[in-house]
Asks: 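Have a look at this one before I ask anything.
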Amino acid sequence: MRQGFDNERYIRMQSARIRERIAQFGGKLYLEFGGKLFDDHHAARVLPGFQPDSKLRMLKTLADRAEVVIVVSAQDIESNKIRGDLGIGYDSETLRLIDAFREAGLYVGSVVITRFAGQAAEAYQRRLENQGVKVFRHYEIEGYPSNLNRIVSDEGYGRNEYIETERELVVVTAPGPGSGKMATCLSQLYHEYRRGVKAGYAKFETFPVWNLPLKHPVNLAYEAATADLNDVNMIDPYHMEAYGEVAVNYNRDVEIFPVLRAIFERIQGKSPYESPTDMGVNMAGFCITDNDACCDASRREIVRRYFAARCAKLRGTGEDAAIGKIEILMEQAGVSPENRRSAREANRLEELTGKPAAAMELADGSVVTGKTKDLLGCSSAMLLNVLKTLAGIPDDVKLISERIIEPIQRLKVSSLGNRNPRLHTDEVLIALSICAVDDEFAARAIAQLPRL
């Protein structure tokens, strides 16, 4: 795939921008970190050249000045909310984040449990503290976010526990959206100013990219990614009024900005920002080196999100509204489901065989397919065919012999209670890795996995 984004330039520019914002406030900066701090595969798909761990690498350049505060909502703990891409609860994801940040050399200062209430939150706090993690409680504020008199008072932010921080850059992140990152930052500003400490707030959101056009495919792809949240990109009217410049933001930030500005004024006497865009520090738009490559990748992503939404509906986890919204976005981007070559080829093979089929488009534009067999599901067959293609292994070579597959099938049916004996992709990879010990072709195929 053609590269369209300068990742090294991004890391340099982004870290410099955050340093500038720290200096602007002359004391401490609370940086609300939206989106995924690492494993950001959406950004990597729509900005070819962006690495999934770019934001983490950028923060590591500030490691001696930064600490991480992780925010998780008591309601998400109580309801066992699941992170869709990993299939784990927000409680487990918080623990995973702590380990990942520490492994990367970043200091994790504490965890904040927002909207604190209930036995599940209390049990989770004990669980964290038993592992040596400092925990602070923040509470639900009646009338939030409209009741300013209560919010900026001892009964509002003042009731929250003050988060003890040590460094000048406090990165506030969360296992998922709706955890209360912004409210946590503003609560800290309230407490800091009462203590006579200079502190500021800024927001780091990769998307929408504020200095790209409203209907740029990269920004349309963001709307497709958040179709289930009903986020809508829009021109920032406050930025236009203050500076006469067009900037793109999204509806939730624009809608909440008057309240935020009033809270800043109550806490600090004057708002440091004239618009929602002012609050941001994102530099991704300055690092696009090939606009056409990013546009093409983003159009592909919109179609991919359409199929993902259709799959979610079939599984009972998605709604028609999200599918309808992405259909509109596809029309705006000038694409349709037929633009995804892998989908066309999979459907063609399914019609030909009368059984489920799979297909994958490789980086060079070629498409490799897999059909349902007695021993393998279509995705497993496709995966083996892809690895053979990348390794230059002849198509007639069997990477896994039947004598390896059949005992696994018997185990699945007789002992594990599976009705479908065919091997899934994870089972195929385990079997392939066993074969790779003695078989040169299997070893060559396994070596191609990083290319996927």
Side-chain angles (χ1 to χ4, degrees), residues 18 21-22 24-35 66-76 109-116 135-165 167-205 236 238 249-282:
I18 293 173
R21 194 58 64 92
I22 295 172
Q24 175 184 334
F25 291 102
K28 179 170 285 188
L29 177 67
Y30 287 90
L31 182 62
E32 179 192 348
F33 225 96
E67 70 176 276
V68 178
V69 172
I70 303 175
V71 178
V72 60
S73 167
Q75 291 191 342
D76 292 340
S110 58
V111 170
V112 180
I113 302 179
T114 60
R115 307 179 75 177
F116 191 94
V135 179
F136 298 93
R137 298 180 177 186
H138 283 193
Y139 300 95
E140 191 160 7
I141 301 174
E142 184 181 345
Y144 188 89
S146 56
N147 190 345
L148 295 180
N149 289 330
R150 187 174 188 86
I151 293 168
V152 190
S153 73
D154 289 341
E155 290 75 38
Y157 288 147
R159 185 180 172 220
N160 291 337
E161 293 181 351
Y162 172 64
I163 307 167
E164 299 167 5
T165 56
R167 302 186 182 180
E168 60 183 342
L169 175 61
V170 182
V171 176
V172 180
T173 187
S179 298
K181 299 187 296 291
M182 179 182 288
T184 298
C185 292
L186 296 177
S187 177
Q188 282 298 102
L189 288 188
Y190 174 83
H191 284 279
E192 298 285 19
Y193 269 78
R194 292 187 70 181
R195 287 166 167 75
V197 177
K198 288 184 177 180
Y201 162 81
K203 186 166 187 173
F204 186 9
E205 293 272 13
D236 182 347
Y238 299 99
N249 216 290
Y250 71 110
N251 56 308
R252 283 187 287 156
D253 272 9
V254 170
E255 290 163 2
I256 199 67
F257 182 70
V259 177
L260 289 179
R261 183 159 57 187
I263 291 174
F264 282 132
E265 290 169 352
R266 296 280 183 111
I267 295 173
Q268 302 174 338
K270 184 179 185 298
S271 173
Y273 300 123
E274 297 295 331
S275 72
T277 303
D278 275 351
M279 298 190 300
V281 294
N282 181 30

Asks: Could you tell me whether the side chain of K198 reaches within less than 4.5 Å of the side chain of K28, counting heavy atoms only?
Replies: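 The answer is no, as the side chains (C-beta and beyond) never meet within the 4.5 Å cut-off.
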Asks: State whether the side chain of H138 and the backbone N or O of G180 hold a donor-acceptor pair below 3.5 Å, judged by distance alone.
Replies: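 No, because the side chain of H138 does not come within donor-acceptor range (under 3.5 Å) of the backbone of G180.
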Asks: Any non-hydrogen side-chain atom of F33 less than 4.5 Å from a side-chain atom of L31?
Replies: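 Yes, at least one pair of side-chain atoms sits under 4.5 Å.
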Asks: Let me confirm one number: the OG1-CG distance from T114 to N160, rounded to the nearest 0.5 Å.
Replies: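 Going from the OG1 atom of T114 to the CG atom of N160 covers 9.5 Å.
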Asks: Hey, what's the ring geometry for F257 with Y238, parallel, tilted or perpendicular (30° and 60° as the breaks)?
Replies: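 F257 vs Y238 ring planes: tilted.
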Asks: Quick check against the 3.5 Å criterion: does S271 have a side-chain atom that pairs as donor or acceptor with the backbone of Y273?
Replies: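 Between the backbone of Y273 and the side chain of S271 there is a qualifying donor-acceptor contact (under 3.5 Å).
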Asks: Identify the two heavy atoms, one from F264 and one from P272, that lie closest to each other, and give their separation to 0.1 Å.
Replies: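 Nearest pair, atom of F264 first, then P272: CG-CD, 3.9 Å.
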Asks: Without swapping roles, check the side chain of S179 against the backbone of A174 for a donor-acceptor pair under 3.5 Å.
Replies: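 No: the side chain of S179 does not pair with the backbone of A174.
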Asks: Only pairs at least two apart or in different chains count here, so list each salt bridge (Lys or Arg N to Asp or Glu O under 4.0 Å) that has a residue in residues 250-271.
Replies: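 Checked against salt bridge (Lys or Arg N to Asp or Glu O under 4.0 Å) - neighbours excluded - the pairs reaching residues 250-271 are K203-D253, D231-R252.
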Asks: Check residues 139-146 and write down every donor-acceptor pair under 3.5 Å in which the side-chain atom is one partner and the other belongs to a residue at least two apart or another chain.
Replies:
unit_1, atom_1, unit_2, atom_2, d
E140, OE2, R115, NH2, 2.9
S146, OG, G143, O, 3.1

Asks: Looking at every heavy atom in both M182 and L260, which two are closest together, and how far apart are they?
Replies: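 Minimum heavy-atom separation between M182 and L260: SD-CD2, 3.4 Å.
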Asks: Any chance you could lay out the side-chain contact (heavy atoms from CB on, under 4.5 Å) test for E205 and Y250, step after step, and finish with the verdict?
Replies: CA-CA 11 Å; E205 293 272 13; Y250 71 110; 3.7 Å; yes
Asks: Is the Y30 to Y201 ring centre distance short of 6.0 Å?
Replies: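 Not under 6.0 Å, so no.
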Asks: For residues T173 and V68, determine if any side-chain heavy atom of one lies less than 4.5 Å from a side-chain heavy atom of the other.
Replies: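 Heavy-atom side-chain distance check passes, below 4.5 Å.
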Asks: So which pairs with a foot in residues 152-162 pass salt bridge (Lys or Arg N to Asp or Glu O under 4.0 Å), sequence neighbours left out?
Replies: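 Qualifying pairs, neighbours excluded: D154-R194.
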Asks: Can you check whether Y157 reaches I263 side chain to side chain, under 4.5 Å on heavy atoms?
Replies: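 Touching, per the 4.5 Å side-chain cut-off.
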Asks: Minimum heavy-atom separation for L148 and A262, please, with both atom names.
Replies: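 Taking L148 first and A262 second, the nearest heavy atoms are CD1-CB, 3.4 Å.
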Asks: Quick check: closest heavy atoms across P175 and V71, and the distance to 0.1 Å?
Replies: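 Scanning both residues completely, I find the closest heavy atoms to be CD-O, 3.1 Å.
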Asks: So how far is it from L169 CG to R21 CZ, rounded to the nearest 0.5 Å?
Replies: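 Going from the CG atom of L169 to the CZ atom of R21 covers 12.0 Å.
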Asks: Find out whether T165 and E67 are in side-chain contact, i.e. whether some heavy atom of one side chain is under 4.5 Å from a heavy atom of the other.
Replies: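 T165 vs E67: side chains touch.
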Asks: Locate the shortest heavy-atom distance separating A199 from F25; write the atom from each residue and the value.
Replies: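 Residues A199 and F25, closest heavy atoms: O-CD2, 4.2 Å.
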Asks: Got a second to check how far L189's CG is from L29's CG, nearest 0.5 Å?
Replies: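 L189 CG to L29 CG: 9.0 Å, rounded to 0.5 Å.
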Asks: Tell me, do V111 and V72 make a side-chain contact under 4.5 Å, heavy atoms counted?
Replies: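 In contact.
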Asks: Side-chain contact, heavy-atom cut-off 4.5 Å: V135 with I113?
Replies: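 In contact.
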Asks: Does S73 reach the main-chain N or O of Q75 with its side chain, forming a donor-acceptor pair under 3.5 Å?
Replies: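 Side chain of S73 to backbone of Q75, a donor-acceptor pair under 3.5 Å: yes, one is there.
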Asks: Between Q188 and I163, is there a donor-acceptor pair closer than 3.5 Å when you use the side chain of the first and the backbone of the second?
Replies: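 Judged by distance alone, yes, a pair lies under 3.5 Å.
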Asks: Okay, side chain of S153, backbone of R150: is any donor-acceptor separation there less than 3.5 Å?
Replies: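 Yes; judged by distance alone, with no hydrogens or angles, the pair exists.
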